[in-house]
Amino acid sequence: MNDQGMGKSGNGSIAEIRMQVMWNRLISVVEEQALTLLRTAFSTSVRESGDLSAGVFDPRGQMLAQAVTGTPGHVNTMAEAVLHFMNEIPREEMFEGDTYVTNDPWKGTGHLHDITMVSPSFLNGELVAFFACTAHVVDVGGRGFGADAKSVYEEGIQIPIMKFAEKGRVNMDVVRLLRANVREPNQVVGDFYSLAACNEVGHRRLVDMMREVGLASLDDLGAFIFSRTREAMLERIAALPKGSWSNDLTTDGYDDPVRLAATVSIRDDHVEVDFTGTDPMSRWGINCPIIYSKAYACYALKCVVAPDIPNNSASLAFFTVSSPVNILNAVRPAPVALRHIFGHMVPDLVLGALAKALPGKIQAEGAGALWNIHISVRPTMLGEGRRAEVLMFNSGGMGARPGLDGLSATAFPSGVHTMPIEATEHTGPIVIWRKELRPGSGGDGEFRGGLGQIIEIAPLEGHEFDFSAMFDRVNHAARGRNGGEDGGAGVVRLDDGTRMRPKGWQHVPAGRRLIMELPGGGGYGDPARRSADSRAEDETRGYLMENDR
């Protein structure tokens, strides 16, 4: 970690330098914590894509440091979730060797598929920290990962905040309940143990560090981290224009378009986001709890205000997010399985407002939501084969940036990796026939929007599959900025031309292929100003449609 923006520490005392070294050590601790989860996870979404978060917190539940590996939706919700754990489990009931768990959408990360675990860390009998981690598991029972449920009760097993392990002994009743309620019990239970191991590794490394340097608590180090962060954040906010700016964005929704709206207000010492004007909650599972909407709103603000300042409780405290009850502030028992779709649209929504405050400095809209697809494969009626649950994360194009083309097939804002074809095919009887960039999908402009992908999937011979579509930007493309053209809209179809819906469970019969054409990002600036060299490079790389060449 560098000291850019972190106050006047360049010529600091030996004590300050020592604190900076320990801060770096603390980041190494949480990085090893996250890598433990990556190496031991059973689900491909965690192991191959990095759909996780890991972090260390002080005894008051304030996030001191996060692992670089992880998604903003997980990291920033985890920062709030730890406080819920502390409210539910009294200090006198916390013991060495404990691990706590939940998948409560309103106290965790927004839907049931994400498992959050929190573990207290003791040194010489004293509570010195908490470690927390989150990961997406392949199945939680119910209707499966999709938008078709009418309430959260249909979406899967709900785990209230409780102990997964006490004094090092795993609660086997929880394990038996999991096995009885999910379609892939070995994967899911394996991921629970991986999450617990993740926190245990963090605890061991922290205790080793504290003993090595003679720390009895993290109080002084936490004060150093938070004071430097606050000082740097105040400098950045002071340099911003003051006022309020609004933006709205229309998305596909489920059966009707959904309008998202936000007002961003920059004050003297903080930034506010208000989602008033957003459409009401949906009867489908596309609603988003405020904890997740807030996470991505804060991420968008931080990308603009202070991208190089560490993400911790002190930096997040400068952002406030509010909303009446609506699709971005859904309340129990609303179905929320696909909360990521609108959560991933929140950054474009917020950035659109900031573009009015900071003209010429904000990127165009991109594909936004991941094109997740959950495939439930089975043998045909007369055939023999195997059943499997397969989850894929796929990325469209990012919006063009002032001065740079948009990144193609890149997961902004979630930041997860694309799953390798080989790993995906290994999980179930499917064949991925094609996975390539989609020519012509990036919006034209002085700087071109990033390209989406074309992905072609078929069941293995003797099999068929149902799939849960979790797609957007099919009917409402990513908008360009400052004269840039819109990105290409997405398309979902079978190889015989049958159009499929962008959301909901649907069927692919044996012998057919599912083709997904992912949306591209919007362009930035007048297309007439794109350089001849850039045009030639687009053609050489095959980024253009035939009729555009």
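What's counted below: heavy atoms across the whole structure, side chains too, no hydrogens, waters or symmetry copies. Numbering of residues begins at 1 and proceeds along the displayed sequence.
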message = Consider salt bridge (charged side-chain N to carboxylate O under 4.0 Å, His left out). Of Asp148, Asp472, Asp256, which one does Lys503 pass it with?
response =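 Option passing the salt bridge (charged side-chain N to carboxylate O under 4.0 Å, His left out) with Lys503: Asp472.
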request  = Tell me, yes or no, whether the heavy-atom count around Glu461 atom CD, taken from other residues, nucleotides or ligands under 6.0 Å, exceeds 12.
outcome  =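 No, not enclosed.
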message = Within a 6.0 Å radius of atom NZ on Lys361, are there more than 12 heavy atoms belonging to other residues, nucleotides or ligands?
response =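 No.
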Side-chain donor-acceptor contact under 3.5 Å, [X] with [Y]:
X: Tyr292; Y: His344; result: yes
X: Thr116; Y: Thr134; result: yes
X: Thr498; Y: Asp496; result: yes
X: Asp274; Y: Thr276; result: yes
X: Asn329; Y: Ser323; result: no

Pair His340-Asn372, side-chain contact (heavy atoms from CB on, under 4.5 Å): steps then yes or no = CA-CA 10 Å; His340 69 277; Asn372 292 350; 3.3 Å; yes
key: Glu446 CD to Arg529 CZ distance, which is reported to the nearest 0.5 Å   =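 Rounded to the nearest 0.5 Å, the CD-CZ separation comes out at 4.5 Å.
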So does [Y] get a backbone contact from the side chain of [X], meaning a donor-acceptor N/O pair under 3.5 Å?
X: Lys435; Y: Ile454; answer: no
X: Asn103; Y: His113; answer: no
X: Asn482; Y: Tyr524; answer: no
X: Asp191; Y: Ala41; answer: no
X: Glu184; Y: Glu389; answer: yes
X: Arg183; Y: Gly142; answer: yes
X: Arg448; Y: Gly443; answer: no

task = Begin with the C-alpha distance, continue with both residues' side-chain angles, and end with the deciding distance and a verdict on salt bridge (Lys or Arg N to Asp or Glu O under 4.0 Å) for Arg434 and Asp495.
result = CA-CA 12 Å; Arg434 182 162 53 140; Asp495 58 344; over 6 Å; no
request  = Evaluate the salt bridge (Lys or Arg N to Asp or Glu O under 4.0 Å) criterion for residues Asp255 and Arg501: first the C-alpha distance (whole Å), next the side-chain angles of each, then the deciding distance (0.1 Å), finally the verdict.
outcome  = CA-CA 9 Å; Asp255 41 18; Arg501 293 180 287 114; over 6 Å; no
message = If you apply the rule side-chain contact (heavy atoms from CB on, under 4.5 Å), what do you find for Val304 with Ile362, and how did you get there?
response = CA-CA 8 Å; Val304 173; Ile362 306 297; 3.8 Å; yes
query = Given the rule in the side-chain hydrogen bond (donor to acceptor under 3.5 Å, both in side chains) test, do Ser414 and Thr71 qualify, once you have shown the distances and angles that lead to the verdict?
reply = CA-CA 5 Å; Ser414 70; Thr71 76; over 6 Å; no
inquiry  = Quick test of your reading: applying ring pair (Phe, Tyr, Trp, His ring centres under 6.0 Å), list the pairs with at least one residue in residues 420-467, sequence neighbours left out, ordered by first then second residue.
reply    = none
ask   = Looking at the rings of Phe145 and His136, which for Trp means the six-membered one, are their centres under 6.0 Å apart?
value =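 When the ring centroids of Phe145 and His136 are compared, they turn out to be within the sub-6.0 Å range.
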task = Output, in order, the C-alpha distance, side-chain angles, deciding distance and verdict of side-chain contact (heavy atoms from CB on, under 4.5 Å) for Val491 and Arg499.
result = CA-CA 8 Å; Val491 178; Arg499 286 296 181 112; 3.8 Å; yes
